[in-house]
Amino acid sequence: MIRVVSLLIALFTIQIVHSQRDLNLFSFEYTLAPIGNDAIDFEKKAINFNIPLKLNKGVLVQSIRAEEFTIDYNDTHLFSTEAIEEFYRLDYNVAYNYSLGNRWRVTGRAGISLSSNLETSITSEDLLFNGALVFTKSYRKATSYSNLSFGLAYTAFSGRPRVLPVINYNRQVNEKFSFGIGFPNMYAKYTINERSFFKTSLWVNGFYANLSTPLTLDLEKNQAYKASLRTISLAAEYNYKLSDNWFVLLKAGYSFSNQYILLDEDLNEVYEFETASKPFFSTGIRFNLKRKTKKLSND
């Protein structure tokens, strides 16, 4: 389903591996998935801050991200969907990237998320802990470089909290072209000129949130306690540099292999919404210090 784009901006798990090379200090993105065959439309607003700190033997990055999801249910259901029309997510993560020598480095991340419809006051059920440990080997030549990253992450991005592998190979082929393959995302990037570039991405994404008050679904009094989304998305985006540090982006894509379900107290499926593949559109703005952080990574 569309919430696809939900956790957008490919996982922070992957983002931290490359944070020193191209760190967005601030970004805002708006995503809209119009009504499709599943008669559901969705929109998301996301704002993200990264705060890097160069230490003697590494780089510490603090990240704060806030997201608001709005879902319109255009089908008639046996239960009221009012309580699941708005979801909120607030993430705080700390990542530390440490050089091991011989072009090896290790990145550790720990964080906490608030993910809920916030129908009542916040409880421990609204909170999720996450973390990752990723090792990266860099290979450099005169005109190109590449990174091989692998590790494990405990995260809910795939729709439920679980331990997942992180593996990625990224290569800067030349000044114009770079690509990345692996899990949870893949991309290809082409630099058009000094002010713009084009990028295509394929990624696994998801959403997992607590329902502040259990949602009664039918006459048998079956209740839902969590909402879960899992999806695969393909997108193309265009980025344009407004100044040395400010960029705007336009993104259009398609979400497929989507599943949006409600879970009971034991995390068993109790209801599945009818979902279908559909397009989505995003626009946003970001601020980075690419040149400065690139220098840090080479120290």
Side-chain angles (χ1 to χ4, degrees), residues 9-27 48-65 91-113 129-155 157 162-191 197 199 201 203-204 244-245 247 286-299:
I9 306 188
L11 284 192
F12 185 67
T13 301
I14 294 303
Q15 190 179 50
I16 59 176
V17 174
H18 310 289
S19 60
Q20 291 89 336
R21 190 174 73 241
D22 190 1
L23 180 68
N24 293 322
L25 299 188
F26 164 81
S27 64
N48 190 78
F49 295 92
N50 289 305
I51 307 169
L53 177 63
K54 181 69 169 70
L55 304 178
N56 288 336
K57 295 186 178 181
V59 178
L60 183 74
V61 180
Q62 297 183 76
S63 177
I64 301 172
R65 180 178 179 82
D91 297 334
Y92 174 74
N93 290 276
V94 178
Y96 182 63
N97 187 290
Y98 178 79
S99 176
L100 300 174
N102 196 27
R103 300 202 180 277
W104 278 95
R105 62 185 192 272
V106 60
T107 302
R109 175 180 62 82
I112 186 171
S113 300
F129 294 94
N130 58 82
L133 184 66
V134 179
F135 293 89
T136 301
K137 172 68 172 179
S138 298
Y139 304 88
R140 296 187 181 274
K141 296 182 179 180
T143 58
S144 66
Y145 67 83
S146 59
N147 293 317
L148 175 64
S149 301
F150 58 90
L152 293 174
Y154 179 73
T155 175
F157 85 88
R162 66 188 74 187
V163 176
L164 292 171
V166 175
I167 182 166
N168 233 269
Y169 176 74
N170 300 273
R171 180 174 175 80
Q172 181 77 40
V173 179
N174 51 46
E175 292 183 355
K176 292 286 188 179
F177 181 70
S178 63
F179 68 89
I181 56 175
F183 178 85
N185 62 3
M186 296 185 287
Y187 73 89
K189 176 182 174 182
Y190 180 77
T191 300
F197 67 83
K199 184 178 180 180
S201 303
W203 73 95
V204 179
D244 286 343
N245 302 113
F247 288 78
R286 59 190 177 89
F287 176 82
N288 70 24
L289 292 179
K290 183 173 182 179
R291 295 174 182 173
K292 181 178 179 179
T293 54
K294 190 171 183 178
K295 178 181 182 300
L296 292 179
S297 65
N298 292 330
D299 287 345

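Since the model is a prediction, treat every value here as computed from it, not as a measurement.
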> Does any non-hydrogen side-chain atom of V166 lie less than 4.5 Å from one of L152?
Replying inline: no
> Does one side chain, of R65 or N93, offer a donor that lies under 3.5 Å from an acceptor on the other?
Replying inline: no
>> So which atom in G180 and which in N170 form the shortest heavy-atom distance, rounded to 0.1 Å?
In response: CA-OD1, 3.6 Å
> Taking all atoms of both residues into account, what is the closest heavy-atom pair of L25 and P52, and its distance?
Replying inline: CD2-CD, 3.5 Å
> Given the rule in the side-chain contact (heavy atoms from CB on, under 4.5 Å) test, do L100 and F135 qualify, once you have shown the distances and angles that lead to the verdict?
Replying inline: CA-CA 10 Å; L100 300 174; F135 293 89; 4.2 Å; yes
>> Regarding T136 and N147, do their side chains bring together a donor and an acceptor under 3.5 Å, going by distance alone?
In response: no
>> Do N50 and S63 pair up side chain to side chain, a donor and an acceptor below 3.5 Å, judged on atom types alone?
In response: yes
> Does F179 reach the side chain of V173, with side-chain heavy atoms less than 4.5 Å apart?
Replying inline: yes
>> Taking the cut-offs as 6.0 angstrom to the six-membered ring centre and 45 degrees off its axis, would you call K137 and Y139 a cation-pi pair?
In response: yes
> Can any side-chain N or O of N245 pair as donor or acceptor with the backbone N or O of F287 at less than 3.5 Å?
Replying inline: no
>> Working to the nearest 0.5 angstrom, can you tell me the gap between R171 CZ and F177 CZ?
In response: 10.5 Å
> Does one side chain, of T155 or N130, offer a donor that lies under 3.5 Å from an acceptor on the other?
Replying inline: no
> Excluding sequence neighbours, so at least two apart, what forms ring-ring contact (aromatic ring centres under 6.0 Å, His included) with F26?
Replying inline: F49
>> Please report the interatomic distance OG(S149) to OH(Y169), rounded to the nearest 0.5 Å.
In response: 11.0 Å
>> Ring-plane angle category for F247 and F197, please: parallel below 30°, perpendicular beyond 60°, tilted otherwise.
In response: tilted
>> Could you tell me if the side chain of L55 sits less than 4.5 Å from the side chain of L60, heavy atoms only?
In response: yes
> Sub-3.5 Å donor-acceptor pair from the side chain of N24 to the main-chain atoms of S27, do we have one?
Replying inline: no
> Once you round to the nearest 0.5 Å, how far does NZ of K176 lie from OH of Y190?
Replying inline: 5.0 Å
> Run the side-chain contact (heavy atoms from CB on, under 4.5 Å) check on K57 and Y96 step by step: do they pass?
Replying inline: CA-CA 10 Å; K57 295 186 178 181; Y96 182 63; 4.2 Å; yes
> Which pair of heavy atoms, one from G108 and one from L133, lies closest together, and at what distance?
Replying inline: CA-CD1, 4.3 Å
> Given the rule in the side-chain contact (heavy atoms from CB on, under 4.5 Å) test, do N168 and I181 qualify, once you have shown the distances and angles that lead to the verdict?
Replying inline: CA-CA 6 Å; N168 233 269; I181 56 175; over 6 Å; no
>> On a heavy-atom basis, which atom in K54 and which in N56 lie closest, and how many Å separate them?
In response: NZ-O, 4.3 Å
>> I'd like to check the side-chain contact (heavy atoms from CB on, under 4.5 Å) partners of S178; sequence neighbours left out, ordered by chain and number.
In response: Q172, Y187, K189
> For R105 and S138, does a side-chain donor sit closer than 3.5 Å to a side-chain acceptor?
Replying inline: yes
>> Go through it in stages, so that I can follow the logic: the residues are T107 and N97, the test is side-chain contact (heavy atoms from CB on, under 4.5 Å), and I'd like the CA-CA distance, side-chain angles, deciding distance and then a yes or no.
In response: CA-CA 4 Å; T107 302; N97 187 290; 2.8 Å; yes
